[in-house]
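What follows is one structure encoded as structure tokens, with my remarks underneath.
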Amino acid sequence: MNSHQRIADLLKTLPIGRTVEVKGWVKTRRDAKDLSFLEINDGSCLANLQVLASPGLANFATDVKKITTGCSLRVKGELARSPAKGQEVELQAREIEVYGWAPAESYPLQKKHHSFEFLRSIAHLRPRTNSLGSVARIRSALSFAVHRFFQEQGFYYVHTPIITTSDCEGAGEMFTVTALDLDNPPRTATGRVDFAKDFFGRPASLTVSGQLEAEVYALALGRVYTFGPTFRAENSNTSRHLAEFWMIEPEMAFCDLQGDIDVAEALLKYLIAYALEHCQEDIELFNRFIDKELIAKLSGVLEQEFARISYTEAVERLQRAGRAFEFPVSWGIDLQSEHERYLTEEIFKRPLVVTDYPRAIKPFYMRVNDEKTVAAMDILFPGLGEMVGGSQREERYDMLLTRMTETGVNPDDYQWYLDLRRFGTAPHAGFGLGFERLIQFVTGMANIREVIPFPRTPGAAAL
RNA sequence: UCCCGGGUAGCUCAGCUGGUAGAGCAGGUGGCUGUUAACCACCUUGUCGGGGGUUCGAGUCCCUCCCCGGGAGCCA
């Protein structure tokens, strides 16, 4: 049951005149006088294979004539050069077996354009479309490339926990993980839910970041990375936020902020170059139908150094911009979307690294530079906003303690994290890269819900 | 969560200042053709997002709820 060939391989090797067997789903059918043309796709690549079905087939009248878009088939026959325009080769069928029908009156996918919004409502069928299939192949290729980059660079892959008991990781609202009976939870004397009686004996949540745990392994193995699902219970309704997304988080011992940025830039360029090289056909689809400038944009990113400016410089640039922003700019504010867009899209027109943000607006674990700033960095992409957020970590015990107090974090909850600074502390740095945002950039897809197979957003978790 | 804009046939959408619903595609039937988003003819399809209200009359106006899209915030 596994002797058939992938269409991707056939189109690459073109074994003309040879008998081949393919299995896949019908994309479209066209009929000529005595002939039926079936285009079948097996998901191995974007391209379809045209199958020529003639009345000589044993089941031509009984089955073949009834085949419609969506049916799954086995086809055996001879691969031949196609006499007509539109495709180089075609499969002249000697046997066609229908595995599964797809009644035309009820099969939702038609041979026409569908809105991405509609496709989202049929999450179980949408990967059979050209565009969502291409996204899936690119996503797979880039996942592999992430591992390849880090493995080549001497990083170790660490599986940080999905379920965490760190009380407040500071990265956003968390989903609670509980095994308590929600209709009748145990209560403490003061009437609150008694998590001491819960599965873990304490409150637990889904992770919002593997960073803190990755630091543990960085301070043992040197250079590590995590790449896994991350959860935020924020009520975010935008085209670039998900409640469940995948994040790449390297963490490097004996590394400062500049080294951190260097790795991030190298990684992003490696991944974009990998996609251009290995997913050419799929990217061309997006270049044709989603964004005519896509390939030029991707190539452009590879050709230039990322721009790098400090937060203070960014503020000065914005103040000199001579335009009225909805949110006025002054030193100390967090940069708003409109500010980031102005900097990346109008001033620099390429990825931009902004460093050394005000201490007062950043979390406790970022390394203090001086009275005013911390060693943080964001990488902003034109059209997307924040792709990467990272920092050098505070490795000085006393300073970390000071920062916890400053930001209202209870040191008792982070004894293990403080221990890393008590015992053999080392300068270290890391960042988080939103995998879906990368896929958005590489595909040009406007909505992040189209670049993850099963998007989870407020009010929506299909399947 | 806030601000806009939407929810009309299976899909994509039209429907002016309230008068009782339409197109293209899909689907069905027939024809034509080594076809290519095939083509030609004919045919079918609607709780006009839910609920309430104004009116002789509501897809159209008002209220409310739900959902979707864009922007904002939160961030990756």
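Letters A, B, ... mirror the listed sequences (proteins, then strands); counts begin at 1.
Exactly one residue among Tyr270(A), Phe144(A), Tyr274(A) makes a ring pair (Phe, Tyr, Trp, His ring centres under 6.0 Å) with Phe149(A). That residue is Tyr270(A).
Residues satisfying the side chain to side chain contact (heavy atoms under 4.5 Å, CB included) criterion with Glu326(A), sequence neighbours excluded, are Glu338(A). Considering only residues two or more places apart in sequence or on other chains, Tyr357(A) meets the side chain to side chain donor-acceptor pair (under 3.5 Å) condition with Asp378(A). With sequence neighbours left out, the side chain to side chain donor-acceptor pair (under 3.5 Å) criterion links Arg94(A) to Thr19(A). For the side chain to side chain contact (heavy atoms under 4.5 Å, CB included) test, residues two or more places apart in sequence or in another chain that qualify with Ala273(A) are Leu302(A). Tyr107(A) pairs by the ring-ring contact (aromatic ring centres under 6.0 Å, His included) definition with nothing, not counting sequence neighbours.
Base engagement by Leu52(A) is indicated by at least one non-hydrogen atom pair under 4.0 Å involving a base atom. Backbone-only engagement by Phe118(A) is indicated by non-hydrogen atom pairs under 4.0 Å involving sugar-phosphate atoms exclusively. Residue Leu242(A) is classed as a base contact, given a heavy-atom separation below 4.0 Å to a base. Contact annotation for His241(A): base contact, defined as any heavy-atom pair under 4.0 Å involving a base atom. Leu433(A) comes within 4.0 angstrom of nothing in the nucleic acid, heavy atoms only. Residue-level contact check: Glu340(A) touches neither bases nor backbone, having no heavy atom under 4.0 Å from any strand.
Within 6.0 Å of the CZ atom in Phe306(A), the count of heavy atoms belonging to other residues, nucleotides or ligands exceeds 12.
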Return the polar atom pairs (N/O with N/O) between nucleotides 29-33 of chain B and the protein under 3.5 Å, or none.
from, atom 1, to, atom 2, distance (Å)
U33(B), N3, Asp31(A), O, 2.9
U33(B), O4, Asp31(A), O, 3.4
U33(B), O4, Ala32(A), O, 3.3

What N/O pairs connect the protein and nucleotides 42-47 of chain B at under 3.5 Å? Give each pair on its own line.
none

Where do N or O atoms of nucleotides 5-9 of chain B meet protein N or O atoms at under 3.5 Å, pair by pair?
none

Below 3.5 Å is the cut-off: list the nitrogen or oxygen pairs between protein and nucleotides 69-72 of chain B, distance only.
from, atom 1, to, atom 2, distance (Å)
G69(B), OP1, Arg120(A), NH1, 2.1
G69(B), OP1, Arg449(A), NH1, 2.9
G69(B), OP2, Arg449(A), NH1, 2.8
A72(B), OP1, Arg341(A), NH1, 2.8
A72(B), OP2, Arg240(A), NH2, 3.4

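With hydrogens and angles ignored, no donor-acceptor pair closer than 3.5 Å exists between the side chain of Arg30(A) and the base of C39(B). Side-chain atoms of Gln50(A) and base atoms of U35(B) include a donor and an acceptor less than 3.5 Å apart.
Ion pairing between a basic and an acidic side chain is recognised when a charged N comes within 4.0 Å of a carboxylate O; Arg137(A) and Glu281(A) show no such pairing. A salt bridge links Lys269(A) with Glu265(A): the closest approach of a Lys/Arg side-chain nitrogen to an acidic carboxylate oxygen falls below 4.0 angstrom. The existence of a salt bridge linking Arg74(A) and Glu97(A) is confirmed by a sub-4.0 Å separation between a basic side-chain nitrogen and an acidic carboxylate oxygen.
An OP1 or OP2 oxygen of A38(B) is reached within less than 4.0 angstrom by a side-chain nitrogen or oxygen of Thr28(A).
A 3.5 Å limit on both hydrogen-bonding distances identifies G71(B) as the Watson-Crick or G-U partner of C2(B). Base pairing annotation: G57(B) forms no Watson-Crick or G-U wobble pair, as no partner gives both donor-acceptor distances under 3.5 Å. In this structure, C48(B) makes no Watson-Crick or G-U wobble pair, since no nucleotide meets both defining distances under 3.5 angstrom. When both pairing distances are held under 3.5 Å, C39(B) makes a Watson-Crick or G-U pair with G31(B).
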For a quick test of your reading: what N or O donor-acceptor pairs under 3.5 Å do the side chains of residues 451-463 of chain A make, sequence neighbours left out?
from, atom 1, to, atom 2, distance (Å)
Arg456(A), NH1, Phe454(A), O, 3.4
Arg456(A), NH1, Ala462(A), O, 3.1
Arg456(A), NH2, Leu463(A), O, 2.8

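G49(B) and G7(B) are spaced 7 Å apart, taking the P atom of each and rounding to whole Å.
Listed nucleotides U12(B), A76(B), C11(B) differ in distance to His114(A); the shortest reach to its side chain belongs to C11(B).
When ring centroids are compared, Phe227(A) and Phe435(A) come within the 6.0 Å threshold.
At a non-hydrogen distance threshold of 4.0 Å, nothing from residues 344-362 of chain A comes into contact with RNA chain B. Of the residues in residues 65-89 of chain A, Ser82(A), Pro83(A), Ala84(A), Lys85(A), Gln87(A) come within less than 4.0 Å of RNA chain B through at least one heavy atom, sorted by number.
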